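Some notes on the structure that comes next.
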Amino acid sequence: MNPRRILVTGGAGYIGSHTVRLLLRQGHDVVVVDNLSKGYRHNVPEGRLRELSLADTPALTALMRQHGTEAVIHFAAFIAVGESMREPARYFANNVSGSLSLLTAMVEAGVHHIVFSSTAAVYGNPQGSPILETFPIQAVNPYGESKVMVETLLRWFDEIHHVTSVCLRYFNASGADPEGQLGEEHEPETHLIPLLLRAVETGKPVTVFGDDYDTPDGTCIRDYIHVNDLAQAHILAVEHLVGGGASDKFNVGTGTGHTVLEMIGAVEAVTGKKVPYVIGPRREGDPPSLVAASHKLRTKLGWAPQYADLRTIVEHAWNFAVSRRAASIPE
Ligand code: UFG
């Protein structure tokens, strides 16, 4: 793709920072908007960060004009399903109103393309597996619903303002930058792989949420997708849109599912240590199996995962955990 001027919201967070790194490596001119409520300054290369709230429509408009933004990649959002069940208003305000402000600024500044971080959570408890993009949209928590609402906003902004969009519905983002400089640092951490690695390091057992599901070993199945493969999907989506492609929605997953116990096996193989764990009750709202049908992304955008192997994903996450401990990166 020719070099493009791309504005990335949430570029100081986990998936955003990996995408910014790939964009810069591929020669694009990137500006990051992040209020650092969840992201980290150390994730953004020098000179690229603008500390702004998405609610500040005039500031976003001015930034897009000054930068000459051609496309936006929109990551900034709250992501914790459990928290969204306790504080729905915060999720709708941040995720939906924030996106509306961003879209308003785009229209003001004449920016016509956006790639949006959506989620497999828009499918709720899906009717079957693998999950196709045409499956019913039926979120079962405010987090997922907030993403559905933004997908709806995007449809109307295309219809009325000719802003084209790609919604990428992520499955389980995981792994880390292969060079070990970026990785997953959520606070508090709720995701399986970092928790398993932490258990290996601290010796404190992790709880496996249920082993009585109707799956081969009784634990939940997820489609773990390497964060760099996810990042590459965003770049292909920008290319599609700036090349005149129509608005669309894609699952981003490998198409292969793994159980929690398989993941524990992969962590033990990579670290050479036993993972201390206990079996606990099911976590409320966990679907037994979420696996993407990924052929639409492969055929329409030419995407192919480079790091689909579970062991590679865990290796990269482990390298990051080790390097971060060694460097003890400041906030
Ligand atoms: N799990 C455990 N113990 C833990 C943490 C997780 O057994 O301590 C299990 C979960 O039950 C699940 C699997 O590990 O089966 C993965 O759990 P994560 O919390 O890592 O991820 P989720 O599948 O729950 O959620 C992810 C994203 C959400 C998104 C969802 C969409 O984090 O943002 O996928 O399906 F909404």
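Whatever order the structure lists them in is the order used to number ligands and atoms, beginning at 1. Treat the numbers as computed from the prediction; the structure is a model and nothing was measured.
The protein atom (non-hydrogen) at minimum distance from atom 11 (O) of ligand 1 is Asp286 OD2, 2.5 Å. Of the protein's non-hydrogen atoms, the one nearest atom 35 (O) of ligand 1 is Leu290 CD1, 3.0 Å. The protein non-hydrogen atom at the shortest distance from atom 16 (C) of ligand 1 is Tyr224 OH, 3.5 Å. The protein atom (non-hydrogen) at minimum distance from atom 33 (O) of ligand 1 is Ile79 O, 3.5 Å. What sits closest to atom 26 (C) of ligand 1 on the protein, heavy atoms only, is Asn172 ND2, 3.6 Å. Among protein heavy atoms, the minimum distance from atom 24 (O) of ligand 1 is reached at Arg283 NH2, 2.7 Å. For atom 20 (O) of ligand 1, the nearest protein heavy atom (residue, atom name, distance) is Leu192 N, 2.9 Å. In terms of protein heavy-atom proximity, atom 32 (O) of ligand 1 is closest to His191 NE2, 2.6 Å.
No single ILVMFWY cluster, assembled from side-chain heavy atoms under 4.5 Å apart, contains both Tyr307 and Tyr224.
A perpendicular orientation is assigned to the rings of Tyr14 and His18, their planes being inclined by more than 60° (bins at 30° and 60°). The aromatic rings of Tyr170 and Phe75 sit tilted, their planes meeting at an angle between 30° and 60°.
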Would you give me the side-chain donor-acceptor pairs under 3.5 Å for residues 89-97, sequence neighbours excluded?
{"from": "Arg90", "atom 1": "NE", "to": "Glu87", "atom 2": "OE1", "distance (Å)": "2.8"}
{"from": "Arg90", "atom 1": "NH2", "to": "Glu83", "atom 2": "OE1", "distance (Å)": "3.4"}
{"from": "Arg90", "atom 1": "NH2", "to": "Glu83", "atom 2": "OE2", "distance (Å)": "3.3"}
{"from": "Tyr91", "atom 1": "OH", "to": "Ala80", "atom 2": "N", "distance (Å)": "3.1"}
{"from": "Tyr91", "atom 1": "OH", "to": "Ala80", "atom 2": "O", "distance (Å)": "3.2"}
{"from": "Tyr91", "atom 1": "OH", "to": "Glu83", "atom 2": "OE1", "distance (Å)": "2.5"}
{"from": "Asn95", "atom 1": "OD1", "to": "Phe78", "atom 2": "N", "distance (Å)": "2.9"}
{"from": "Asn95", "atom 1": "ND2", "to": "Phe78", "atom 2": "O", "distance (Å)": "3.1"}
{"from": "Asn95", "atom 1": "ND2", "to": "Ser146", "atom 2": "OG", "distance (Å)": "3.1"}

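Scanning for salt bridge (charged side-chain N to carboxylate O under 4.0 Å, His left out) contacts around Arg283 gives Asp286, with sequence neighbours left out.
Taking all heavy atoms of Thr219, Val122, Leu195 into account, the minimum distance to atom 8 (O) of ligand 1 is reached by Leu195.
Shown here is Asp212, whose CG atom has more than 12 heavy atoms of other residues, nucleotides or ligands within 6.0 Å.
Considering backbone and side-chain N/O of Tyr170, none are found under 3.5 Å from N/O of ligand 1. For ligand 1, one of its N or O atoms has an N or O atom of Phe209 under 3.5 Å away. The shortest N or O to N or O distance between Thr119 and ligand 1 is not under 3.5 Å. Of the N or O atoms in Val260, none lie within a sub-3.5 Å distance of an N or O in ligand 1.
Tyr277 pairs in a side-chain contact (heavy atoms from CB on, under 4.5 Å) with only one of the listed residues (Thr207, Val208, Leu196), which is Val208.
Heavy atoms of Tyr123 stay at 4.0 angstrom or farther from ligand 1.
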Criterion salt bridge (Lys or Arg N to Asp or Glu O under 4.0 Å) on Lys300 and Glu133, from CA distance to verdict: CA-CA 13 Å; Lys300 280 192 92 170; Glu133 287 84 354; over 6 Å; no
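With respect to the salt-bridge test (charged N to carboxylate O, under 4.0 angstrom), the residues Asp34 and Arg41 do not qualify.
Near Thr207, meaning under 4.0 Å from any of its heavy atoms, are these atoms of ligand 1: 2 (C), 3 (N), 4 (C), 7 (O), 8 (O). Of all the atoms in ligand 1, the ones that sit under 4.0 Å from a non-hydrogen atom of Val208 are 7 (O). Every atom of ligand 1 is numbered from 1 in the order shown, and the set under 4.0 Å from a heavy atom of Thr190 is 5 (C), 19 (O). For ligand 1, the atoms lying closer than 4.0 Å to a non-hydrogen atom of Cys220 are 15 (O).
Between the Arg155 side chain and the Ser247 main chain, no donor and acceptor come within less than 3.5 Å of each other.
Using modelled atom types, one finds no donor on one side chain facing an acceptor on the other under 3.5 Å when comparing Gln138 with Gln127.
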